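The structure displayed is predicted, hence computed values, not measured ones.
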Amino acid sequence: EAAVPEAEIVWVRDSTGVITARFLAEKDSPKADMVIGLVATSLLLFEKQDLLAAYKPKDADKLRPGFRDMADPYTWTGMDAILAVVCYNTMEAKKDNAAPPVSWEDLTKPVFKGKVVMPHPASSGTGYLQVAAWLQIFGEEKGWAFMDKLHDNIAVYTHSGSAPCVQAAKGERMVGIGFDMRGAKEKTNGAPIDLIVPKEGVGWDLEATAIVKGSKNTEVARKVADWFAAKAGNDVFGKYSAIVAHPDVKSAPPNYPADAEAKLVKNDFTWMATERERILKEWVKRYEGKAAPK
């Protein structure tokens, strides 16, 4: 608002799956001028359906290559990376004499039965990015076999990416697979949790911004998009995210796992976007029985 005073901000905030579904439902008569902070895999889906306006912000070429649209026409710009971590309650673990998990497979051990929570991938971007990561790490057959075993130990699939680390922080669960920055915040606030990045790597996605095709406020939207791609915008993102698009912004949140960026899986964002519907349909068929009530 300070950078673009002529912009009147009227916004709707919700989880990734909810916003993605709403945007697609409104595609014939869009209500929004911009999509801000939605994962790149959703924006790639919108891009494929020609729902985003072509616009490249002024400073887009200054951003990390992986954080900007490489397709033509250019439609979206990355802001920051979000990733999944294991929030591990050390006090609850001591009660059961449970060793900290080093690999994803460790979470399928009997000691964790009924003590693991993770986000529902149809509702939460954090949930989907980790499901997609397991399928990329292990391959389709072994990935689903792993999730079958993990499902045996799952207490509930939450509809929020932050909820698993919050529940682990409160001692309601021993393990929460959840949003990285929420885990770091809970630990900084004194929760008895460790943030663990399993050795095989973790799933991640980009939060990004785009202008909606058919916007009646294109001129102002372009100014907002320019701010999101500029260092000034990235300085703000760095207050809340560990990994941001602008290479000159160095963010070091307290209690953030030092090895997280090095263990980001090699992500195929186009595959994640293209296969999203198929993957979610299969996931729901297998695991919906433990979903939290909406």
Side-chain angles (χ1 to χ4, degrees), residues 2-3 13 15-16 36-41 62-68 77-91 93 100-102 104 117-119 124-130 133 158 160-209 227-265 267:
R13 179 186 184 275
S15 294
T16 299
I36 294 171
L38 193 64
V39 291
T41 46
K62 296 179 182 179
L63 304 179
R64 301 188 196 202
F67 281 71
R68 54 183 192 258
T77 302
M79 299 157 53
D80 55 78
I82 60 171
L83 51 142
V85 297
V86 174
C87 293
Y88 177 73
N89 188 298
T90 55
M91 291 181 66
V102 175
W104 288 114
V117 287
M118 69 166 282
S124 161
T126 306
Y128 180 64
L129 64 84
Q130 190 51 57
T158 69
S160 158
S162 295
C165 284
V166 172
Q167 291 183 15
K170 293 178 178 178
E172 295 172 358
R173 314 290 182 188
M174 189 190 301
V175 175
I177 302 169
F179 176 45
D180 58 334
M181 290 301 296
R182 188 58 193 235
K185 180 180 179 180
E186 295 295 333
K187 186 172 176 66
T188 299
N189 288 342
I193 57 172
D194 287 340
L195 271 59
I196 298 171
V197 181
K199 65 181 183 181
E200 300 95 339
V202 292
W204 63 288
D205 206 335
L206 300 176
E207 292 187 315
T209 186
W227 182 84
F228 272 81
K231 184 175 181 296
N234 279 254
D235 282 334
V236 175
F237 310 152
K239 295 178 181 179
Y240 307 98
S241 300
I243 306 167
V244 300
H246 201 293
D248 293 341
V249 177
K250 308 299 181 185
S251 178
N255 291 304
Y256 196 82
D259 58 345
E261 187 168 2
K263 288 186 178 177
L264 299 180
V265 299
N267 246 352

To the nearest 0.5 Å, tell me how far [X] [atom1] sits from [Y] [atom2].
{"X": "Leu38", "Y": "Met79", "atom1": "CG", "atom2": "CE", "answer": "10.0 Å"}
{"X": "Cys87", "Y": "Lys187", "atom1": "SG", "atom2": "NZ", "answer": "10.0 Å"}
{"X": "Glu261", "Y": "Ile243", "atom1": "CD", "atom2": "CD1", "answer": "4.0 Å"}
{"X": "Met181", "Y": "Thr188", "atom1": "CE", "atom2": "OG1", "answer": "8.5 Å"}
{"X": "Phe67", "Y": "Glu207", "atom1": "CZ", "atom2": "CD", "answer": "10.5 Å"}
{"X": "Thr209", "Y": "Ile36", "atom1": "OG1", "atom2": "CD1", "answer": "4.5 Å"}

Would you say [X]'s side chain and [Y]'s backbone share a donor-acceptor pair under 3.5 angstrom?
{"X": "Glu186", "Y": "Val166", "result": "no"}
{"X": "Trp204", "Y": "Val265", "result": "yes"}
{"X": "Asn234", "Y": "Val249", "result": "no"}
{"X": "Arg64", "Y": "Val244", "result": "yes"}

Please give me the minimum heavy-atom distance between [X] and [Y], naming the atom from each residue.
{"X": "Ser124", "Y": "Thr16", "result": "C-CB, 4.2 Å"}
{"X": "Gln130", "Y": "Ala84", "result": "OE1-CB, 3.4 Å"}
{"X": "Pro119", "Y": "Gly161", "result": "CG-CA, 3.9 Å"}
{"X": "Ala133", "Y": "Gly203", "result": "CB-CA, 3.4 Å"}
{"X": "Ala168", "Y": "Gly176", "result": "CB-N, 3.9 Å"}
{"X": "Ala184", "Y": "Pro254", "result": "CB-O, 3.8 Å"}

Set of residues satisfying salt bridge (charged side-chain N to carboxylate O under 4.0 Å, His left out) with respect to Lys231, sequence neighbours excluded: Asp235

Is any side-chain heavy atom of [X] less than 4.5 Å from a side-chain heavy atom of [Y]?
{"X": "Asn89", "Y": "Pro192", "value": "yes"}
{"X": "Trp104", "Y": "Val86", "value": "yes"}
{"X": "Ile82", "Y": "Leu129", "value": "yes"}
{"X": "Leu264", "Y": "Leu83", "value": "yes"}
{"X": "Thr126", "Y": "Tyr128", "value": "no"}
{"X": "Thr41", "Y": "Asn267", "value": "no"}

Using the side-chain hydrogen bond (donor to acceptor under 3.5 Å, both in side chains) criterion, which residues pair with Asp180? Sequence neighbours excluded. Tyr256

Criterion side-chain contact (heavy atoms from CB on, under 4.5 Å) on Val117 and Glu172, from CA distance to verdict: CA-CA 10 Å; Val117 287; Glu172 295 172 358; over 6 Å; no

Just wondering, more than 12 heavy atoms not from Lys263 lying within 6.0 Å of its NZ? yes

Set out, in order, the CA-CA distance, both residues' side-chain angles and the distance that settles side chain to side chain donor-acceptor pair (under 3.5 Å) for Asp194 and Thr90, then state yes or no. CA-CA 7 Å; Asp194 287 340; Thr90 55; 5.4 Å; no

